[in-house]
Visitor: 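First the structure, then my questions, so here it is.
Within every chain, numbering begins at 1; the chains are lettered A, B, ... in the order of the sequence lines, protein sequences first and strands thereafter.
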Amino acid sequence: MDDKERTNELNRIALKFSEFYKGKVGIMPRVPITSLKDFSYWYTPGVAAVSLAVNHNIEDVFNLTGKWNSVAIVTDGTRVLGLGNVGPEASLPVMEGKSMIFNFLGGVNAIPIPIRVREKEDFVQVAKALEPSFGAYNLEDIESPKCFFVLEELQKGLSIPVWHDDQLGTACITLAGLLNSLKVVQKKREDAKVVLFGAGAANIATAHLLATAGFKMKNIIIADSKGILEPNRSDIDNLMFTNPWKYRLALDTNGERLTGEEGGAFKGADIVVSASRSDPSTLHKDWIRSMNDDAIVFALANPLPEIWPSDAIEAGAKIVATGRSDFPNQINNSLVFPGVFRGVLDARARKVDYDIMVTASEALAGRIANPTPEEVIPKMTDWDLYPEVAASVAYASSQKGFARKNESKRKFLEIATEIIEHNRKAYKTLLDNGSIPKLPEV
Amino acid sequence: MADELKVRRAKEEDIESIADLMYRLKKLNEEFDTHFEVSAKAKDRILSSLKESIPDSKGCILLVGTMKQKVVSVIRAELRERKFYEPPVDVRITDFYILPEMRRRGLGGVMIEKLREEMKKAGLSLLTVEYPAFNVIAKNFYEKLGFTPNISVLRYMERDNKK
């Protein structure tokens, strides 16, 4: 079966399973209910006392309700996977999938919330109004540059962490992979020349995260279909208004002030992180050849990377990472967000920032004691990874003064491990006793 | 960084550089409104108007910001007569552009300050500015410096209103 046939087969199965299960996640009580009298304290009249307690001290909402473990997955469906603007309803299957991963890997109750809004200001207003129920927000599949505005406004306006996985999750796992890659090729982050190919959500966040982690902004070159990003590029004044995030990077990066077509950015570079067009002819072999010795190539487009790993290696790359599981070094956000959210929720954090993300990336990178060119990124089946990332994030939040709940790192690790394991055991029980029906015949 | 900026009256040798900056500004204005579509003859017209107004600076104040002898910013203000009001002259900023590379360093404030000094020397006190209505960056910049709304200019184009 070739790639196309395999994809078609998976599509057919996905539709059949979705029709059978009618939704990937659900809500179930987490308290004992054995008789009618139980409702008198879980609901009226007893619940009124709980309501008044929260009314008296609003922070008690974290102690007396499920807010501490609830995340909103908010999207407007404007940039879903590689499908583009499919609308909020069509984004729901994807958001449900995300919710499922949140729960399975991080023990987090994540509620899919696709919203029907047109203007970015409306998105912010709706999202702000939902804050009381949630301990954190995960923004998902929002078109660029709207996603930057929404993230920035919500981070400013809310007292819970706000994360945009397409930006921050991708940047975090990319940094983790780069830290181990640099170990393999024995280069220092402060000396590394980095090309960020593609100037969308992921690479704009990656630029900021790399700078926070000790890479030099001046050593980062951003290139896109219009060429190398620099202050004299013809679209620069337009960017000041339409995409100020990209505009600011045009001024801050590219210390050499390279100009011209995108291929020129690669000469002498140590690293390329490509988040661009899903087509293996996007990155030319000549460009890779012009890079420094032991080049590191991250080609992250899905389903097809911007260059096949074999071509990149033939052109001189030492390490290649892609978004795919069938090649070594899969750059996968699912390694990041379950642990990061477990961590910020356990610390009842007020915010998350680039410093916390660097901590998460270092924890992820640290899961591989002796990285090799074929293994710079941990695998999803490294079950200890999620509580480890969670504990690092929770403790860093506490150290930075972002946490409402402060514990030692060891204690945070115990908390995260217990929640994740308990959740997984409960799920397995439902699966084993048939409460969750077995997959139908395909 | 703003200390390294020197602001002075424009000279003849600056004309090419100023024309480039002013053309960039016109192209920027084009982004906001189709009615600022830049004429194909704009470059030539900017050059010829600069040649006329430098060095005498009749009817306008033209200042340049230089850094290491390179012109990095320009501000052009027209002196407009107000026959029926006091004060009788309005100094109207019509063009103000800073090279992207030099932005976010406080140069804008320095340029405006220098313009105000020039106005004081000439006994002028009213400074106004015009820019496309949707240029929020300009609006925020001038408001921070204490500018307040003055007059509104609305437009009506036959081609937009044909049924």
Visitor: Could you measure the distance from the CG atom of B:L25 to the CG atom of A:D237? Nearest 0.5 Å is fine.
Guide: 8.5 Å
Visitor: Give a yes or no on this: more than 12 heavy atoms of other residues, nucleotides or ligands lie within 6.0 Å of atom CD of A:E119.
Guide: no
Visitor: Under 6.0 Å from the OH atom of B:Y156, do we count more than 12 heavy atoms belonging to anything else shown?
Guide: yes
Visitor: Which heavy-atom pair separates A:L251 from B:E101 by the least distance, and what is that distance?
Guide: CD2-N, 4.3 Å
Visitor: Would you say B:K139 has more than 12 foreign heavy atoms packed within less than 6.0 Å of its NZ?
Guide: no
Visitor: Can you name the side-chain contact (heavy atoms from CB on, under 4.5 Å) partners of B:R82, sequence neighbours left out?
Guide: B:Y85, B:P87, B:D90, B:L126
Visitor: Can you find a heavy atom in the side chain of A:N238 that is under 4.5 Å from one in the side chain of B:L28?
Guide: no
Visitor: Report the residues that fulfil side-chain contact (heavy atoms from CB on, under 4.5 Å) with A:A265, sequence neighbours left out, ordered by chain and then residue number.
Guide: A:V195, A:I221, A:A223, A:I228
Visitor: So for B:R24, is it side chain, backbone, both, or neither that comes closer than 4.5 Å to the heavy atoms of chain A?
Guide: both
Visitor: Count the heavy atoms belonging to other residues, nucleotides or ligands that lie under 6.0 Å from CD of A:Q125, then report whether that count exceeds 12.
Guide: no
Visitor: Look up atom CZ in B:R104 and atom OH in A:Y247, then write down how far apart they are to the nearest 0.5 Å.
Guide: 7.0 Å
Visitor: With a 4.5 angstrom heavy-atom cut-off, which part of B:E31 approaches chain A: side chain, backbone, both or neither?
Guide: side chain
Visitor: Counting only heavy atoms not in B:K26, do more than 12 sit closer than 6.0 Å to its NZ atom?
Guide: yes
Visitor: Salt bridge between A:D235 and B:K27, side-chain N to carboxylate O under 4.0 Å?
Guide: no
Visitor: Going by side-chain contact (heavy atoms from CB on, under 4.5 Å), name the residues that satisfy it together with B:D44, two or more places apart in sequence or in a different chain.
Guide: none
Visitor: Take a 6.0 Å sphere around CZ of B:F36 and say whether it holds more than 12 heavy atoms from other residues, nucleotides or ligands.
Guide: yes
Visitor: Applying a heavy-atom distance below 4.5 Å, give me the residues of residues 113-121 of chain B that approach chain A, sorted by number.
Guide: none
Visitor: State whether the number of non-hydrogen atoms from other residues, nucleotides or ligands found under 6.0 Å of B:R103 atom CZ is greater than 12.
Guide: yes
Visitor: Measuring heavy-atom distances to chain B, does A:R257 have an atom under 4.5 Å in its side chain, in its backbone, in both, or in neither?
Guide: side chain
Visitor: Please name the pair of heavy atoms, one in B:P100 and one in A:I236, separated by the smallest distance, quoted to 0.1 Å.
Guide: CG-CG2, 3.5 Å
Visitor: Report yes if the side chains of A:F241 and B:F32 come closer than 4.5 Å at any heavy-atom pair, otherwise no.
Guide: yes
Visitor: For A:K146, I'd like to know if atom NZ has over 12 heavy atoms of other residues, nucleotides or ligands within 6.0 Å.
Guide: yes
